[in-house]
Structures are given as C-alpha cells and as structure tokens.
Amino acid sequence: MDLGTIVHLADADEVAKAAASDAALRLRSAIAERGSAVWVIAGGSSPMAAYRMLAEHHAHAVDWSRVSVIIGDERMVPLTDAASNLGAIMPVLLADPRMAAMTVLCPQVESDEVTAAAAYARALRGLSDAVGAAPVIDLVWLGVGEDGHTLSLFPGHPDFVPTAELVVPVRDSPKPPAVRITLTRAALDHARRVVIFATGAGKRAALAQALSEGMLPIARVAEHARGVGAEVTWLFDAAASS
Ligand code: 6PG
C-alpha cells in the first residue's frame, strides 16, 4: 500500500509554513508550465494558519489571476453562516488584495444538495481539457477528521462508495452540519500533488490507523491519489505523530 511520503514537523505552525510555501511553489510552477493552476482547498480549522501565511508571505509570488480554486467539500449553508467553509477561508486569503484575482468556484449553496453537487461537478468539468473528465488539479489540500474522514467522505458512511461522479451530495454527515457536497476520489483522477494536514493530538489515533490499515477515507483517498500518479505528502506535527 503506497500512501505517499510522511514529513514530521515540530508543530502546527511549522506545518502551516511548509504548506504555504509549498503551495506558492506548486501554483507558480503550474502557471509557468501550462499558463494556469488549479488548487483544491480544504475546510475545517487545521489549514487556516496556512491560508493566513500564504496571504501574508507569498501573495506576491503567484499570479493569482491564473489560479482557479475549488473547495474540497462545502456545507450547505450560506457563505455568511459561521459554518461555511468558503465563508471562513475567503476573508483570510483575501487579506492580501492581490489574491482577489483568483477564480473561486463557489458551490450553489442556495439550492438543494443534489442540484448543487451536479452543478459543482459541471463546474469542475469546465476546468478540464478532456470533455467529461476530472480536471488536472495541481494541488489538493486535505484535512483529516478525528474519525479518519477527509473531504466529507466519512468512514462507513453510505456516501463513501466508489463512484464516477466528481461531486456527490452528503445528507447525514456525522460531523455537523449534516448536509454537504463533497468531491469524490474520482475528482482527483488527474491530481498532481496532495498535501494532508495531519495535526493535533485528536487526530493521532485515526492517523495511526489510516497509515497501518489503509481503510479510513483519508488513507483511501491518499492511495487513490498515489495510484493516479500524484505526489502525496502528509505533514505531521509532533502532537499527531505516534
Ligand atoms: C469539513 C471539512 C473536513 C475537515 C476535517 C478536519 O467541512 O468539516 O472539510 O473534512 O477537513 O473535518 O477538520 P479540522 O481541521 O477542523 O479538524
């Protein structure tokens, strides 16, 4: 089972620094190579410091007008709701006005989850050169839940099944809010690099299990990404390391 490379760093701050400088590098080289870059960002609290560092220290390093941003999973609440992933992330990224030039694909949270998932899948396919396929994604940031979920793909959950859909609705997420949309493994078919935020003592058990058994969603997603040729890097802080 190939789940990628594990990097051990001192604390969550070091993880955020490493992720932010890696993102600037990856997005810049994608733009140099193909004129544009696609970045899947993660919800939850763990990557927030990395968004902040990116805005504070690397905003100048990337031509943001060439970057398209996809949210990996979104809760079906208005952007102004405290539970909205994009609603929490965007003000942090936009702390540097240069970053406002990026194109953010916003899910249609005002419609129902089935319609929103289908519309978001269409938006993703719109970034693709090959009709009907997943787009090339230069960088994917993933968080991990205490139960080993990533995106809104929860262990043992009926929504975590193999599917060719790029985006699926989630109706009874064990982590509130219950109703969400999420990218699937198939959405990452042309991913080039995945960075996993493996931070905090609360994640230690799930991360150890993911790496040893490979069954939890975070491991299944990492394995899928390796299988399609993406680099996968787990950024561990000391608290999450066993
Ligand atoms: C969400 C997330 C989810 C998150 C993990 C980790 O909408 O809840 O996208 O997959 O990344 O639950 O969340 P924390 O970083 O807050 O622990």
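Counting starts at 1 for both ligands and their atoms, following the listed order.
Residues Lys175 and Asp147 are not paired through a salt bridge, judged by the lack of any N-O separation under 4.0 Å between the basic side chain and the carboxylate. Asp63 and Arg28 are not joined by a salt bridge, as no carboxylate oxygen comes within less than 4.0 angstrom of a charged side-chain nitrogen. Glu223 has no carboxylate O lying under 4.0 Å from a charged side-chain N of Arg185, or vice versa, which leaves the two without a salt bridge.
The aromatic rings of Trp141 and Trp39 sit perpendicular, their planes meeting at an angle over 60°, well past the 30° parallel limit.
What sits closest to atom 2 (C) of ligand 1 on the protein, heavy atoms only, is Asp73 OD2, 3.4 Å. Among protein heavy atoms, atom 13 (O) of ligand 1 sits closest to Lys175 NZ, 3.2 Å. Here the heavy atom of the protein found nearest to atom 11 (O) of ligand 1 is Gly43 O, 3.3 Å. Given atom 5 (C) of ligand 1, the protein heavy atom at minimum distance is His149 NE2, 3.3 Å. Nearest protein neighbour of atom 17 (O) of ligand 1, counting heavy atoms only, is Lys203 NZ, 2.8 Å. Here the protein heavy atom with the shortest distance to atom 6 (C) of ligand 1 is Val144 O, 3.2 Å. Nearest protein neighbour of atom 15 (O) of ligand 1, counting heavy atoms only, is Ser46 OG, 2.5 Å.
In this model, a donor atom of one side chain and an acceptor atom of the other lie less than 3.5 Å apart for Thr115 and Asp112. In this model, a donor atom of one side chain and an acceptor atom of the other lie less than 3.5 Å apart for Ser173 and Arg180. Side-chain atoms of His8 and Asp237 form no donor-acceptor pair, as typed in the model, at a separation below 3.5 Å.
Annotation for ligand 1: atoms under 4.0 Å from non-hydrogen atoms of Asn85 are 1 (C), 7 (O), 9 (O). Atoms of ligand 1 found under 4.0 Å from any heavy atom of Arg75 (numbered from 1 in listed order, with element): 1 (C), 7 (O), 8 (O). Here is the list of ligand 1 atoms found below 4.0 Å of a heavy atom in Leu151: 3 (C), 10 (O).
At a heavy-atom cutoff of 4.0 Å, ligand 1 is contacted by no atom of Glu146, backbone or side chain. Neither the backbone nor the side chain of Ala42 comes within contact range of ligand 1; no heavy atom lies under 4.0 Å.
Residue pairs satisfying the salt bridge (charged side-chain N to carboxylate O under 4.0 Å, His left out) criterion with at least one member in residues 42-57, sequence neighbours excluded, are absent.
Taking any N or O of Thr150, backbone or side chain, none lies under 3.5 Å from an N or O belonging to ligand 1.
Residues forming a side-chain contact (heavy atoms from CB on, under 4.5 Å) with Ser21 (at least two apart in sequence, or on another chain): His58.
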